[in-house]
Amino acid sequence: MDAADIDLRQLTPGDAALYRSIRLEGLKESPEAFGSTFEAEFTKPLAWFFDRLSSSVVFGAIRDAKILGVTGFAVRQEEKEAHKGLLWGMYVRPDARGAGIARRLVEAVIAYARPRVELIQLSVVVGNEQARRLYARLGFVEYGIEKNSLKFRGRHFDEILMANDLGSDSVPEKRAPAAGRSDREPMPSLITST
């Protein structure tokens, strides 16, 4: 797969069907990586995904009218947390992995976030070493582990909390932020796309 043939852009409500297809695939194929479930979102009408893209910032990697990867970004809404953003919902289809799509999606979020927030947070399930290494290469540092963060089909999953201090000039020497709350996927009504 040639990365030059991939269009990376912010998705619009008109991309609802594309977004629904990859979102449901991610929830089904990697249920431990998301706060939601396939069962919860499969029953949602296309209008729900349209509304989500109307109120959320979601980047997609598209090639030949097929969506290959996706990730979201949200600015926290509480007054004392408005300096922080959240990278959420990252998923790249298995047949598109290894082409640099995940890296380009994270870089798109960082570029979008830089003028809007001082800090980007994310969580990654323990055991997803490929994602963990990618985030670290792009300036995210670990600052904690949320034990039993998710529970799916009777099994608990811990999540590593990571953050990227956008105000720091030196990626390898970033300071870890104070431990705090980290949501995987905010409700669209709690975020802004400014």
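This is a predicted model, so every value here is computed, not measured.
- Here CG of Leu119 is found 6.0 Å from NE2 of His83. Values are rounded to the nearest 0.5 Å.
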Practice task
Go through Leu138 and Arg103 one step at a time and tell me if the side-chain contact (heavy atoms from CB on, under 4.5 Å) criterion holds.
Solution key: CA-CA 8 Å; Leu138 293 173; Arg103 180 181 189 89; 3.5 Å; yes

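- Rounding to the nearest 0.5 Å gives a distance of 7.5 Å between CG of Leu122 and CG of Leu86.
- When all heavy atoms of Phe59 and Leu11 are compared, the closest pair comes out as C-CG, 4.2 Å.
- Using a distance-only test at 3.5 Å, with no hydrogens or angles considered, a donor-acceptor pair links the side chain of Asp15 to the main chain of Thr12.
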Exercise for the section: Report the C-alpha distance between Ser30 and Met90 in whole Å, list the side-chain angles of each, state the deciding distance to 0.1 Å, and finish with yes or no for side-chain contact (heavy atoms from CB on, under 4.5 Å). Expected result: CA-CA 11 Å; Ser30 300; Met90 168 68 91; over 6 Å; no

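- A distance of 6.0 Å separates CG in Leu161 from CD in Glu146, rounded to the nearest 0.5 Å.
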Practice task
Please lay out, stage by stage, how Glu32 and Arg155 fare under the test side-chain contact (heavy atoms from CB on, under 4.5 Å).
Solution key: CA-CA 9 Å; Glu32 73 286 351; Arg155 183 173 171 209; over 6 Å; no

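- Residues Glu142 and Arg132 are paired through a salt bridge, judged by an N-O separation under 4.0 Å between the basic side chain and the carboxylate.
- At a threshold of 4.5 Å between non-hydrogen side-chain atoms, the residues Lys44 and Arg52 do not count as touching.
- Only one option out of Ile110, Leu134, Asp165 pairs with Phe140 in a side chain to side chain contact (heavy atoms under 4.5 Å, CB included); it is Ile110.
- Between the CD1 atom of Ile145 and the CD atom of Glu159 there is a distance of 11.0 Å, given to the nearest 0.5 Å.
- More than 12 non-hydrogen atoms from other residues, nucleotides or ligands lie less than 6.0 angstrom from CD of Glu107.
- In this structure, Ala61 and Leu8 approach most closely via the heavy-atom pair CB-CD1, 4.2 Å.
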Practice task
Take Tyr135 and Ile160 through the side-chain contact (heavy atoms from CB on, under 4.5 Å) test and state the conclusion after the steps.
Solution key: CA-CA 11 Å; Tyr135 296 136; Ile160 299 164; over 6 Å; no

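- Under 4.0 Å is where a charged nitrogen must lie from a carboxylate oxygen, and between Lys84 and Glu81 at least one such pair does.
- Taking every heavy atom of both residues into account, Ala82 and Val75 meet most closely at O-CG1, 3.7 Å.
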Using atom types as modelled, flag every donor-acceptor pair under 3.5 Å from a side chain in residues 64-72 to any protein atom, sequence neighbours excluded.
unit_1: Lys66; atom_1: NZ; unit_2: Asp95; atom_2: OD2; d: 3.4
unit_1: Thr71; atom_1: OG1; unit_2: Trp88; atom_2: O; d: 3.1

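- Looking at residues two or more places apart in sequence or on another chain, you find a side chain to side chain contact (heavy atoms under 4.5 Å, CB included) between Ala113 and Phe73, Val117, Ile120, Leu166.
- When the ring pair (Phe, Tyr, Trp, His ring centres under 6.0 Å) test is applied to Phe42, the partners found at least two apart in sequence or on another chain are Phe38.
- Leu150 approaches Phe34 most closely through the heavy-atom pair CD1-O, 3.7 Å.
- From Trp48, atom CH2 reaches atom OG1 of Thr43 across 9.5 Å, with rounding to the nearest 0.5 Å.
- Atom CD of Glu129 has more than 12 neighbouring heavy atoms from other residues, nucleotides or ligands inside a 6.0 Å radius.
- No hydrogens or angles considered: nothing links the side chains of Arg97 and Gln130 as a donor-acceptor pair under 3.5 Å.
- Residues Phe50 and Gly14 come closest through the heavy atom pair CE1-N, 4.5 Å.
- Atom CD of Glu39 is surrounded by more than 12 heavy atoms from other residues, nucleotides or ligands within 6.0 Å.
- Heavy atoms only, all atoms of each residue included: Leu24 and Glu41 are closest at CD2-C, 3.7 Å.
- Note: Arg93 CZ to Ile22 CD1 = 4.5 Å, rounded to the nearest 0.5 Å.
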